[in-house]
Each structure stands twice: as structure tokens, then as C-alpha cells.
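Residue numbers run from 1 in the order of the sequence given.
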Amino acid sequence: MSTGVLVRCDDCSYEESFGSLRAARTALDDHERETDHGLDWYIGGISPGVERAGDDAGVCGRDGCANPDTPLLDRDGAGSTGRGSSE
């Protein structure tokens, strides 16, 4: 399933569908900045990989939802600052 996002403004007639979260977020930000309107967005579906990453990260907001055994977590790089050990 591909990403499907509807952005809709209740203050005017603006409504547009996007195939990516990034494009929808950019349009939402642009419309809010240009008009000072508050928009809503509705995510109809996302790709399975994005959905799994969100599930593993526990993005639902409930305690205990994260998957500590996920292969998507880079445990070796998580504590790294990107600097060599000599710094």
C-alpha cells in the first residue's frame, strides 16, 4: 500500500491529496503560513515498512508499545556521537 494523505482546511475550500507524508506536511505548513488557517490531515495508509517502523518505535504513544527487539534499531550507533575515540 502506498501512502495516501488528505489535507483539508475548515476555514476555506483548500483540500488536496498527496502520495507522501513529506509532500502533505510541506503543503500543510505552506497553507498555514500563508493564510494563518488551521488544517487537518488524514492518513489513509502508509507503506508496510513505514508502518512497521512506527509500530516498533511505539509511536502510538502508549507505554510498552515499542519493540525492544526490533531489527530496525541501530544499537551500535545509538550511543555514538559520530566522533572518533581520540576526541
Side-chain angles (χ1 to χ4, degrees):
M1 170 189 303
S2 65
T3 302
V5 184
L6 174 67
V7 176
R8 179 181 295 156
C9 181
D10 292 331
D11 296 324
C12 70
S13 62
Y14 179 75
E15 180 175 304
E16 194 168 352
S17 294
F18 298 91
S20 75
L21 294 172
R22 179 183 214 166
R25 184 69 214 183
T26 299
L28 187 149
D29 288 343
D30 289 347
H31 187 79
E32 286 181 338
R33 186 175 43 260
E34 292 167 6
T35 65
D36 203 28
H37 293 171
L39 283 87
D40 286 322
W41 58 341
Y42 308 92
I43 302 173
I46 53 178
S47 66
V50 172
E51 188 170 349
R52 178 173 179 205
D55 288 346
D56 281 1
V59 296
C60 67
R62 294 187 317 251
D63 288 336
C65 284
N67 177 3
D69 297 322
T70 180
L72 301 174
L73 180 61
D74 180 7
R75 288 175 182 80
D76 294 334
S80 172
T81 62
R83 297 182 183 156
S85 59
S86 62
E87 291 183 45

Inset, instruction - Would you sort out whether Glu15 and Leu6 count as a side-chain contact (heavy atoms from CB on, under 4.5 Å), showing the intermediate values? - result: CA-CA 7 Å; Glu15 180 175 304; Leu6 174 67; 3.5 Å; yes
Legend entry - Over all atoms of both residues, closest heavy-atom pair of Cys9 and Gly38: SG-O, 4.3 Å
Inset, instruction - To the nearest 0.5 Å, tell me how far Glu16 CD sits from His31 NE2. - result: 10.5 Å
Legend entry - Approximate separation, where rounding is to 0.5 Å, of Ser17 OG and Arg8 CZ: 9.0 Å
Inset, instruction - Give a yes or no on whether Phe18 and Leu21 share a hydrophobic cluster (residues Ile, Leu, Val, Met, Phe, Trp, Tyr; joining criterion: side-chain heavy atoms under 4.5 Å apart). - result: yes
Legend entry - Shared hydrophobic cluster for Tyr42 and Leu28 (ILVMFWY, side-chain gaps under 4.5 Å): no
Any side-chain heavy-atom pair from [X] and [Y] closer than 4.5 angstrom?
X	Y	answer
His37	Cys12	yes
Thr35	Tyr14	no
Leu39	Glu32	yes

Inset, instruction - Check the surroundings of atom CG in Asp40: do more than 12 heavy atoms from other residues, nucleotides or ligands lie under 6.0 Å from it? - result: yes
Legend entry - Trp41 and Arg25: CA distance, side-chain angles, deciding distance, side-chain contact (heavy atoms from CB on, under 4.5 Å) verdict: CA-CA 9 Å; Trp41 58 341; Arg25 184 69 214 183; 3.7 Å; yes
